[in-house]
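Taking it in order: structure first as structure tokens, then the write-up.
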Amino acid sequence: MDGNDGKTRGNGAQKSVALALQGGGMHGAFTWGVLDGLLEDGRLDIEGVSATSAGAMNAAVLAGGLLRGGRDGARQALHDFWHAIADSAVRYSPFRWFPWLKGSHSFGLDHSPLYAMADIALRILSPYQFNPYNMNPLRDVLAKQVDFEALRQSCPIHLYLCATNVETGRIRLFTHTDLSIDAVLASACLPTIFQSVKIDGEYYWDGGYVGNPAIFPLIYNCNTHDVVIVHINPIVRPGVPTSAADILNRVNEVSFNSSLMREMRAIAFVTSLIQQGKVDGKDMKEMLIHSIRSDETMAKLSVSSKYNADWSFLTNLRDTGREEARKWLAQHYDSVGQRSSIDIRTEFL
């Protein structure tokens, strides 16, 4: 991998970190921007990534790009992947033939007749009914954009993709050794939209239900103590939702953040024990937690914008992510390797 060699890049020496990437549909373009900004800056060496759903797609593309061409290769791979997503959406979208359905909402399709019909349909029909042939355009995009065989043979980072076992409710972590298109699709399988993904005789749904993302594999398997969480789902959303769509969206945000908050409580507890001298820091690992997010931006986005793959929308989110990465580096780069740049108790407890 390009990095991990102690060289000086950008404005300072490289520091090793692990990344934790949340899922959230097309809002994952924000994470694309964050990754692009971190890679361009060049001062952070990415040792490992734990990711879920859209985060899992970003993680697989990132790893493939790093393998092919280092940091520049990863930036290009992420650009190409999201551009392919936008192109695929244009090919499959009914708006191509019936533009009047699109409506006028700048952040999504809330005022579109098609969105209203789709919203009703998803409450009545399952994906086994409205998509009996189990078509998923993401499969073709991933097949063209990521060389999974190469990653299984020689992945440049520790990679953990999270999915939920439908029958047991347990977490499944796919590593680079069992990485596949199906593994990524399993991590991103929202059960109201896609049929469950079968792998080795087991069925999987979106990993956000049990780990969005999972932090523990980074603690156990990476040497670095620093974990940078890239948030997509707002933790705080002012106001009480009143529409059915907004209520469901907030329920999903709360449930998809719950596993992360539980892990943060455990990390805060262990950190407190270490700092109080109640346990030996050599036996237990004190984690340094960092956060890149834009709750204000994400809270303003409509529910339906999670399905909005318009290139202009995706690049706007990318640019927002790049700016948040730039600001975080400027404010907190010196904290990496030294201290957490967020107050875990204030943020998560």
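- Side chain to side chain, Arg43 and Tyr333 fail the donor-acceptor criterion of an N or O pair below 3.5 Å.
- Here the side chains of Leu159 and Leu62 are not in contact, with every heavy-atom distance at 4.5 Å or above.
- Counting only distance, with no hydrogens or angles, the side chain of Gln145 and the backbone of Gly64 share no donor-acceptor pair below 3.5 Å.
- Note: Ser341 OG to Ile292 CD1 = 8.5 Å, rounded to the nearest 0.5 Å.
- Side-chain atoms of His176 never come within 3.5 Å of backbone atoms of Leu151 as a donor-acceptor pair (strictly under, hydrogens ignored).
- Side-chain contact between Leu38 and Val17 is absent, with no heavy-atom pair separated by less than 4.5 Å.
- The closest donor-acceptor contact from the side chain of Glu324 to the backbone of Gly321 lies at 3.5 Å or more, if one exists at all.
- Side-chain contact between Leu185 and Phe194 is absent, with no heavy-atom pair separated by less than 4.5 Å.
- Between Trp328 and His290, the ring planes are perpendicular. Angles over 60° get that label, and only those under 30° would be called parallel.
- Between the side chain of Arg170 and the backbone N or O of Asn165 there is no donor-acceptor pair closer than 3.5 Å.
- Within 6.0 Å of CZ in Phe216 there are more than 12 heavy atoms belonging to other residues, nucleotides or ligands.
- Pro234 places none of its side-chain heavy atoms less than 4.5 Å from the side chain of Arg293.
- In the displayed structure, Gln129 atom CD is contacted under 6.0 Å by more than 12 heavy atoms of other residues, nucleotides or ligands.
- Interatomic distance, CG of Leu19 versus CG of Asn58, reported as 10.5 Å (0.5 Å rounding).
- Between Val141 and Met57, the closest side-chain pair of non-hydrogen atoms is not below 4.5 Å.
- At distances below 3.5 Å, at least one donor-acceptor pair connects side-chain atoms of Asp206 with backbone N or O atoms of Gly208.
- The two atoms that bring Arg71 and Asp45 nearest to each other are NH2-CA, 3.8 Å, heavy atoms only.
- How far CD1 of Ile342 is from CD1 of Ile289: 6.5 Å, rounded to the nearest 0.5 Å.
- Ile124 and Ile247 sit in two unconnected hydrophobic clusters of ILVMFWY residues. Membership requires side-chain heavy atoms under 4.5 Å apart, directly or through other members.
- Between the side chains of Asp334 and Gln338, no donor-acceptor pair of N or O atoms lies under 3.5 Å.
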- Item | Worked check of side-chain hydrogen bond (donor to acceptor under 3.5 Å, both in side chains) between Gln76 and Asp80 | CA-CA 6 Å; Gln76 186 64 52; Asp80 293 346; 2.8 Å; yes
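- Side-chain atoms of Asp182 and Phe174, non-hydrogen and from C-beta on, never get closer than 4.5 Å to each other.
- With Asn221 contributing its side chain and Pro217 its backbone, the two residues share a donor-acceptor pair below 3.5 Å.
- In this structure, a donor-acceptor pair under 3.5 Å is present between the side chains of Ser272 and Gln276.
- With salt bridges taken as basic N to acidic carboxylate O contacts below 4.0 Å, none links Lys327 and Glu323.
- Looking at Glu47, Met287, Lys15 one by one, the single match for side-chain contact (heavy atoms from CB on, under 4.5 Å) with Thr224 turns out to be Glu47.
- Taking Arg345 as the reference, nothing meets the salt bridge (Lys or Arg N to Asp or Glu O under 4.0 Å) condition, with sequence neighbours excluded.
- Between the side chain of Arg172 and the main chain of Ala163, no donor-acceptor pair closer than 3.5 Å is present.
- The two residues Ala309 and Ile85 have their closest heavy-atom pair at CB-CG2, 4.1 Å.
- When all heavy atoms of Ala51 and Ala59 are compared, the pair lying nearest together is CB-CB, 3.8 Å.
- Transitive grouping of hydrophobic side chains (ILVMFWY, heavy atoms separated by less than 4.5 Å) brings Val227 and Met261 into a common cluster.
- Here the CH2 atom belonging to Trp311 is positioned 8.5 Å from the CG atom belonging to Asp87, to the nearest 0.5 angstrom.
- Within 6.0 Å of OH in Tyr128 there are more than 12 heavy atoms belonging to other residues, nucleotides or ligands.
- Side-chain atoms of Asn233 come within 3.5 Å of backbone atoms of Gly23 as a donor-acceptor pair (strictly under, hydrogens ignored).
- Between the side chains of Ser187 and Tyr160, no donor N or O sits under 3.5 Å from an acceptor N or O.
- Contact check for Ile215 versus Ser50: no side-chain heavy atoms found under the 4.5 Å cut-off.
- For the side-chain hydrogen bond (donor to acceptor under 3.5 Å, both in side chains) condition, the pairs that include at least one residue of residues 26-40, sequence neighbours left out, are His27-Ser305, Asp36-Arg75, Asp36-Arg322, Glu40-Arg322.
- Applying side-chain contact (heavy atoms from CB on, under 4.5 Å) to Leu260 and the options Thr52, Ile229, Asn212 leaves one that passes, Ile229.
- Under the 4.5 Å side-chain criterion, counting only non-hydrogen atoms from C-beta, Ile193 is in contact with Tyr307.
- Taken to the nearest 0.5 Å, the CG atom of Leu66 stands 9.5 Å off from the CZ atom of Arg68.
- Proximity of a side-chain donor or acceptor of Asp246 to a complementary backbone N or O of Thr242 within less than 3.5 Å is not detected.
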